[in-house]
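Order of the sequence lines fixes the chain letters, A, B, ..., with proteins taken first and strands second; residue numbering starts at 1 for each chain.
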There are 2 protein chains.
Amino acid sequence: MPHLLKDHIGVISPLSDEEFDYILSHFVFKKLKKHSFLVQEGNSVKYEYFVLKGCLKAYMSDSNTGKEFIYQFGVEDWWITDREAFFKQSAATINIDCLEDSEVLGITLENREKLVSEMRKYEHFVAVKANLGYISLQKRLQLMIMGSVKERYENFIQQYPHLINRIPKSFIASYLGVSRETLSRLYRS
Amino acid sequence: MPHLLKDHIGVISPLSDEEFDYILSHFVFKKLKKHSFLVQEGNSVKYEYFVLKGCLKAYMSDSNTGKEFIYQFGVEDWWITDREAFFKQSAATINIDCLEDSEVLGITLENREKLVSEMRKYEHFVAVKANLGYISLQKRLQLMIMGSVKERYENFIQQYPHLINRIPKSFIASYLGVSRETLSRLYRS
DNA sequence: TTGATTTTGTGATAAAAGTCACATCAGGAA
DNA sequence: TTCCTGATGTGACTTTTATCACAAAATCAA
């Protein structure tokens, strides 16, 4: 029985159907309308989410200027949450909302720790994921500091080819850390 | 018996002397002269290092412009390596060298995995560390995109108060992602 | 379909930061 | 001590990007 999450974990830790069913029983399914919030600043963050369908954005807004910076898009096969708030069980400092109708699977910190302690395979999956995430964040930081806007944009296209015409360019600009106008002027050449 | 690494791990996973001695036996001690390399671009990365003494910088250089970006300083109580190369056992894409005579403890990937699989406490320590590292990297990225140079500099002072007069300002500028001159003009006001 | 809102492109201008050049200063090595 | 190298501050100028303004195009909801 194929399942997006089963394959997702399976790439790192191959699972039997029984093992996966057991894992899946620790998740809750959520269906969300466009514009609804998955995580809201100030609230507690009970879940870490795996995206099955749709598109979400995680962003923080500057209290002074009111501008927002999108630090992550969540599409099929991606995880999304306010990591700090989730792990430290503190109040969210970011918002996550839906750019499209979306479907996600959520797992609580409690269930996550249960799975990690019960299943070596899940523990391994989670550890590998944490490493890969750290590495890709590091690359993004490097690109942000050393790369031109053009390089950043080209990199984005490679990473999210399907997002280019799926979401407003202003969101992409926010992710890249430039103004909407600068991004627009970039790809007329 | 106090030890910098014992206390460092102990904050997350308290250890008995026996447990710590066992952990320590998986590390090798290295003493390095100023200007020597701990990791060099193109080479393999056999160790992940915990800094006991001194100061190191991890940086990547742009192959086109030749400019370098320092993504991390390693001082007492910090870990440092080329994470990607270490975990994927691939060639290093960064350099790490000593700004001062330094002392580090290195652990191989093999020994790391051995400890993780043998000791729940070490596994827990490593997982928590990965999370905290991810979170702080995320904050740095946010500051890089949303914050002014001034804010970034002030944040740096908070995080590394002792580094300000210990290393050349040009390195701090590189870490902050600005030119040496801009940084210099910043704190005359 | 239609009217309203959002998104997008683009010009003009301002602000921020980079680059180049050079003088001074501090620290290390012989 | 003395010389030399590297670090630092600063002026002048250039480049990049942000900001503001507005019109055209696309999208959405009733």
Residue pairs passing the ring-ring contact (aromatic ring centres under 6.0 Å, His included) test with at least one member in residues 53-78 of chain B, sequence neighbours excluded, are Phe73(B)-Tyr175(B), Trp78(B)-Tyr160(B)
Nucleotides bounding contact with chain B, strand DNA chain C, heavy-atom threshold 4.0 Å = dA17(C) to dA21(C)
Decide, yes or no, whether a salt bridge links Asp17(B) with Lys6(B) under the criterion of side-chain N to carboxylate O below 4.0 Å.
-> yes
Hey, could you give me each pair passing salt bridge (Lys or Arg N to Asp or Glu O under 4.0 Å) that has a residue in [range]? Not counting sequence neighbours.
{"range": "residues 119-131 of chain A", "answer": "Glu19(A)-Lys121(A), Arg120(A)-Glu123(A), Arg120(A)-Glu123(B), Glu123(A)-Arg120(B)"}
{"range": "residues 104-113 of chain B", "answer": "Glu48(B)-Arg112(B)"}
{"range": "residues 160-174 of chain B", "answer": "Glu100(B)-Arg166(B)"}

Centroid separation Tyr47(A) to Phe86(A) less than 6.0 Å = no
Go through the structure and list residues passing ring-ring contact (aromatic ring centres under 6.0 Å, His included) with Phe171(A), not counting sequence neighbours.
-> none
Scanning both residues in full, the closest heavy-atom pair of Glu84(B) with Ile135(A) reads CA-CD1, 3.6 Å
Would you please name every residue forming a side chain to side chain contact (heavy atoms under 4.5 Å, CB included) with Asp7(A), sequence neighbours left out?
-> none
Outermost DNA chain D nucleotides near chain A [under 4.0 Å, heavy atoms] | dT17(D) to dC28(D)
Would you mind listing the cluster partners of Ile23(B)? Hydrophobic ones only (ILVMFWY), side-chain contacts under 4.5 Å, chaining allowed.
-> Leu4(B), Leu5(B), Ile9(B), Ile12(B), Leu15(B), Phe20(B), Tyr22(B), Leu24(B), Phe27(B), Phe29(B), Phe50(B), Leu52(B), Trp79(B), Leu105(B), Ile107(B), Leu115(B), Val116(B), Met119(B), Tyr122(B), Phe125(B), Val126(B), Val128(B), Leu132(B)
Any side-chain heavy atom of Arg152(B) sitting closer than 4.5 Å to one from Val178(B)?
-> yes
So, with a heavy-atom separation below 4.0 Å from DNA chain D, the residues of residues 160-181 of chain B are Pro168(B), Lys169(B), Ser170(B), Arg180(B), Glu181(B)
Is Lys34(B) touching bases, backbone alone, or none of the nucleic acid, heavy atoms closer than 4.0 Å?
-> nothing
Take the C1' atoms of the five end pairs on each side of the helix from dT1(C)-dA30(D) to dA30(C)-dT1(D), get both axes, and report the angle to 10 degrees.
-> 60°
Show the atom names and distances, to 0.1 Å, of all donor-acceptor pairs under 3.5 Å that link a side chain in residues 35-43 of chain B to residues at least two apart or in another chain.
unit_1	atom_1	unit_2	atom_2	d
Ser36(B)	OG	Lys33(B)	O	2.6
Glu41(B)	OE1	Asn95(B)	ND2	3.3

